[in-house]
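Positions are given from 1 along the sequence.
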Amino acid sequence: MSSQDAILVINCGSSSVKFALFAGAAGLELLLSGEVDGIGLTIGRMDSKTSAGTMLIERAFPISDHTAALSAILEHVTKRIGRARLRAVGHRVVHGGEDCDCPVRVTAALETRLRELVPLAPLHQPHNLTGIAAVRAVQPDLVQIACFDTAFHHTLPRLARLFALPRNLHEAGIRRYGFHGLSYEYVVEVLRRRGIDLDRERIIVAHLGNGASMCALRGGRSVETTMGFSTLAGLMMGTRSGDLDPGVVLYLLTRKGLSPADIQTLLYHQSGLLGVSGMNSDMRELLARRSESAASEAIDLFCYRARHHLAALTAALGGLDRVVFTGGIGAHAPEIRQGICAGLAYLGISVDEAANTAGAQTISDLHAPVTVEVLACDEEVMIASHVLRLTVSAKKSGEADGHG
């Protein structure tokens, strides 16, 4: 791959597109990053800045749909790279299903299969696919690579995948998949580069953000995780319920007259921090209003549920050596980290309050048996690295076949 090549990483939401541009050399230097927001509104907004934080563009204009957003992004990055070539686009795709255990080039057949998984990740999958279609509409010949949040969890042991349901349902794909895999993969890569003995250590990574999950790692591989069949399971989240007695769903259907669509809206959009607090799904806003009882209870419940799941994951590991907090909340909310770790001294977890408040990398007490760390995740560079590897491999294969 030429050092002049560039790789664009895209993460599509319902009304926004986040993007990052990398120089396509081995070091994957970040050239710029930004976001287009307000898609479908009267006036949207696009901003972009360099890796040093220098603003490149701040623009307000009508953005009718994702195709218009991607058109503006591609025009912007093409101007920035000048005579260099945009080699490929990498997409974060939440659900890859049972068959996708690695990043793969987008084809029509792949898109068809990924559309069948929309019911398993209705908050994300449709928008991920919309982003792929939008890039194709703007630049149909541009190579696109899909990178899946479920792929990292293909190492889950069989028992960790199973629900206690009839076997025919498991064979039909109703099983535990796990999500946030790109984040976990990034954490593993960072720990490996730092010389951490991944084969020896029993590690739990807590990805805490608007979406939240935890993963138990052994040998650097996923052996258990809190999310399962869908992105609803496990930890309480910004607007999602987390684990719920299935009897509640049956009761809402049969006694309260809610439709399946009503329940989907309730569990994905009206629950979690928003539902319990009755005011907001943003942890920063709730922490600012901690003096209000509803906000305080939502925060305390979030920490309690997270503490419960963290402790449960140690059963799959047979102990614990390291905890890593990541994600927007995990990396930037010391009060939440403290709240989760409080009461876990019996596991060997003890947090240094000063280090935690200061945002240090290691926040555990010096002599604590379990190391507790904070790490900002970088899913974009993980996607870019997959794109780099796949496009280099494809180019070498083409040259070997005489097509280079």
Side-chain angles (χ1 to χ4, degrees), residues 51-53 180 183-184 186-188 190-191 193-196 201-217 226 234-238 242 272-274 276-277 279-314 320-379:
S51 58
H180 293 131
S183 174
Y184 296 131
Y186 176 76
V187 170
V188 168
V190 170
L191 295 178
R193 288 199 301 269
R194 284 172 33 201
I196 303 301
E201 289 203 6
R202 298 159 296 183
I203 301 169
I204 292 175
V205 183
H207 176 102
L208 307 179
N210 189 52
S213 69
M214 291 183 183
C215 181
L217 302 172
T226 57
L235 277 65
M236 170 182 172
M237 296 169 244
L273 291 171
L274 175 63
V276 176
S277 71
M279 59 180 73
N280 209 297
S281 64
D282 191 320
M283 183 63 80
R284 293 167 297 186
E285 295 294 326
L286 295 177
L287 286 170
R289 300 173 67 174
R290 179 67 132 141
S291 60
E292 300 178 43
S293 61
S296 181
E297 187 167 62
I299 293 167
D300 289 345
L301 182 59
F302 182 90
C303 293
Y304 171 75
R305 292 297 183 195
R307 190 160 60 244
H308 170 89
H309 281 285
L310 193 157
L313 286 176
T314 65
L320 184 63
D321 298 297
R322 186 179 302 267
V323 174
V324 181
F325 284 100
T326 191
I329 296 172
H332 302 294
E335 185 176 344
I336 300 304
R337 296 192 297 262
Q338 180 66 53
I340 292 171
C341 292
L344 294 179
Y346 72 96
L347 292 177
I349 294 174
S350 179
V351 169
D352 182 309
E353 186 176 344
N356 182 40
T357 302
Q361 176 181 294
T362 301
I363 62 171
S364 46
D365 285 328
L366 183 61
H367 301 295
V370 174
T371 301
V372 182
E373 294 185 88
V374 179
L375 176 63
C377 68
D378 192 340
E379 294 161 306

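From Leu310, atom CG reaches atom CZ of Arg305 across 15.0 Å, with rounding to the nearest 0.5 Å. A distance of 10.5 Å separates OG in Ser350 from CD1 in Ile363, rounded to the nearest 0.5 Å. Atom OG1 of Thr314 sits about 13.0 Å away from atom NE2 of His309, to the nearest 0.5 Å. A distance of 4.5 Å separates CZ of Arg202 from CG of Asp321, quoted to the nearest 0.5 Å. Considering CG of Leu366 and OG1 of Thr371, their distance stands at 10.0 Å, rounded to 0.5 Å.
For residues 327-345, every residue pair satisfying the salt bridge (Lys or Arg N to Asp or Glu O under 4.0 Å) rule, not counting sequence neighbours, is listed here: Arg290-Glu335. A salt bridge (Lys or Arg N to Asp or Glu O under 4.0 Å) check over residues 343-355, counting only residues at least two apart or in different chains, returns nothing.
The two residues Phe325 and Gly330 come nearest to each other via the heavy atoms CB-O, 3.5 Å. The two residues Ser281 and Leu273 have their closest heavy-atom pair at O-CD1, 3.6 Å. Taking both residues in full, the closest heavy atoms of Ala311 and Leu344 are given as CB-CD2, 4.5 Å, listed atom of the first, atom of the second, then distance.
A donor-acceptor pair under 3.5 Å is absent between the side-chain atoms of Thr357 and the main chain of Ala354, judged by distance alone. Side-chain N or O atoms of Thr326 include one that pairs as donor or acceptor with a backbone N or O of Cys377 at under 3.5 Å. With Arg307 contributing its side chain and Gly339 its backbone, the two residues share a donor-acceptor pair below 3.5 Å.
Put simply, the side chain of Ile349 reaches to within 4.5 Å of the side chain of Val372, judged on heavy atoms.
Applying the side chain to side chain contact (heavy atoms under 4.5 Å, CB included) rule to Ile336 yields the partners Met283, Leu287, Ile299, Phe302, Cys303, Ile329, Ala333, Ile340; only residues at least two apart in sequence or on another chain are considered. Partners of Ser277 according to the side chain to side chain contact (heavy atoms under 4.5 Å, CB included) rule, which considers only residues two or more places apart in sequence or in another chain, are Met279, Leu286, Ala298. When the side chain to side chain contact (heavy atoms under 4.5 Å, CB included) test is applied to Arg194, the partners found at least two apart in sequence or on another chain are Val190, Leu191, Ile196, Arg322, Gln361, Glu373.
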Using the side-chain contact (heavy atoms from CB on, under 4.5 Å) rule, take Met214 and Thr226 through it: C-alpha gap first, then chi angles, then the decisive distance, then the call.
CA-CA 6 Å; Met214 291 183 183; Thr226 57; 3.9 Å; yes
Just do the side-chain contact (heavy atoms from CB on, under 4.5 Å) check on Ile203 and Val188 with the steps written out, would you?
CA-CA 10 Å; Ile203 301 169; Val188 168; over 6 Å; no
Result block: side-chain N/O donor-acceptor pairs under 3.5 angstrom for residues 204-213, not counting sequence neighbours:
residue, atom, partner, partner atom, Å
His207, ND1, Ser183, OG, 2.8
Ser213, OG, His180, ND1, 2.7
Ser213, OG, Tyr184, OH, 2.6

